[in-house]
2 protein chains.
Amino acid sequence: MAIPVPGSQVRGSTTGKPIMALLDLLGRTWALGIVWNLQQGPATFRQLQLRCEQISPTLLNSRLKELKILQLVDMQDSGYQLTQQGMELITIILPLGDWSQNWAKHILKEEN
Amino acid sequence: MAIPVPGSQVRGSTTGKPIMALLDLLGRTWALGIVWNLQQGPATFRQLQLRCEQISPTLLNSRLKELKILQLVDMQDSGYQLTQQGMELITIILPLGDWSQNWAKHILKEEN
DNA sequence: CAACACCGCTACAAATAGTGTAGCATGCCT
DNA sequence: AGGCATGCTACACTATTTGTAGCGGTGTTG
């Protein structure tokens with residue numbers, strides 16, 4: 001799958017708008033999950049595999065490649081970790097944690 | 001694909017934590033894109049297809065089903081639109097628009 | 001009423017993406 | 001040298017997505 005570099009055509013948009021590249025990237029299986037799991041700190045490849053409970057190494061590796069190229073993640077001695085940019089991104093997304101709890105309550109309430 | 005209802009097992013997590021259901025949902029192809037596009041207002045099925053430039057009707061329909069069940073989207077006379085919950089979600093995500101612009105600058109600068 | 005233009009949506013085959021298991025190559029420790 | 005952990009690849013299998021065609025329904029217009 002072509003890496004959604006902002007400025008180029010991506011899945012779902014020919015305009016090259018950065019937001020479209022980002023939505024393409026984050027909309028890929030496991031991309032959000034990987035970033036979310038890295039939030040708890042750096043991890044080696046295998047640790048990250050464990051945090052993601054069921055990701056295949058093949059896919060983990062290809063997502064990490066994409067995330068590295070797009071500079072949201074990099075690898076240091078301590079393992080894979082979020083870059084400055086990656087942390088900014090996660091900061092924006094973090095409120096989803098709390099929000100999802102209310103959302104869950106709402107859905108489960110309606111289901112009865 | 002099973003719908004990621006919070007409280008049940010979802011892709012990547014056996015715990016049933018709402019955030020995991022949400023990450024599963026949003027990590028599916030086009031889910032984020034659909035929500036993002038609905039932000040500009042209600043749309044009929046076909047209008048939504050156009051907004052999403054390249055989505056296939058098959059997939060659009062199955063994503064919409066998921067989003068309806070999970071109460072982020074519903075259908076009214078005016079077409080598909082975000083629910084109250086959907087709007088809350090998009091409010092959280094909205095800053096990604098601006099952020100992505102800076103991110104793009106950063107990446108493209110480094111590439112030279 | 002017939003012809004037309006929309007609508008939401010489905011069918012289905014072909015193409016693409018993801019899974020799961022095994023294991024290679026490398027480096028470190030004893 | 002032997003054992004162990006690491007990052008990562010190979011590859012066959014399965015699941016998901018695409019793309020095109022078109023169905024059945026609801027106006028609207030002549």
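Per chain, numbering begins at 1; letters A, B, ... match sequence-line order.
Atom CD1 of I3(A) and atom P of dA17(C) are 12 Å apart (whole Å). Whole-Å rounding puts the Q54(B) CD to dT16(D) P distance at 22 Å. We find that CD of E66(A) is positioned 12 Å from C1' of dG18(C), with the value rounded to whole Å. Going from atom CZ of R46(B) over to atom C1' of dT26(D) covers 13 Å, rounded to whole Å. Atom C1' of nucleotide dT21(C) and atom CD1 of I55(A) are separated by 16 Å, given to the nearest angstrom. Between the CG atom of L64(A) and the C1' atom of dC8(D) there is a distance of 11 Å, rounded to whole Å. Remark: C1' of dT26(C) and CZ of F45(A) are 15 Å apart, rounded to the nearest angstrom. The separation between L32(A) atom CG and dG18(C) atom P is 14 Å, rounded to whole Å.
Here the closest heavy-atom approach between residue L60(A) and residue Q49(A) is recorded as CD2-CG, 3.7 Å.
Residue N61(A) places none of its side-chain N or O atoms closer than 4.0 Å to OP1 or OP2 of dG7(D). For the OP1/OP2 pair of dT18(D) and a distance below 4.0 Å, the side-chain nitrogens and oxygens of W30(B) include at least one atom meeting the criterion. Phosphate proximity of dA10(D) to T58(A): absent, as no side-chain N or O sits under 4.0 Å from OP1 or OP2. One finds a side-chain N or O of T29(A) lying less than 4.0 angstrom from the OP1 or OP2 phosphate oxygen of dG18(C). Within the 4.0 Å cut-off from OP1 or OP2 of dT17(D), at least one side-chain nitrogen or oxygen of R63(B) is found.
The backbone N or O of M20(B) lies less than 3.5 Å from no partner atom in the side chain of R11(B), so there is not a single donor-acceptor pair. No donor-acceptor pair under 3.5 Å is formed between the side chain of W103(A) and the backbone N or O of L96(A).
Comparing T44(A) and R11(A) by the nucleotide of DNA chain D whose heavy atom lies nearest to each, the residue mapping closer to the 5' end is T44(A).
Nearest nucleotide to the L59(A) side chain, out of dT19(C), dC9(C), dG8(C): dT19(C). Taking every side-chain heavy atom of M1(A) into account, dA17(C) is the closest of dA17(C), dT10(C), dT18(D). The side chain of M75(B) sits closest to dC9(C) out of dT18(D), dC9(C), dC8(D).
A salt bridge is absent between D74(A) and K68(A); no separation between the charged side-chain nitrogens and carboxylate oxygens falls under 4.0 Å.
Across all strands shown, S62(A) has no heavy atoms under 4.0 Å from either base or sugar-phosphate atoms.
Screening I69(B), L26(B), L22(B), L25(B) against P4(B) for a side chain to side chain contact (heavy atoms under 4.5 Å, CB included) leaves a single residue, L25(B).
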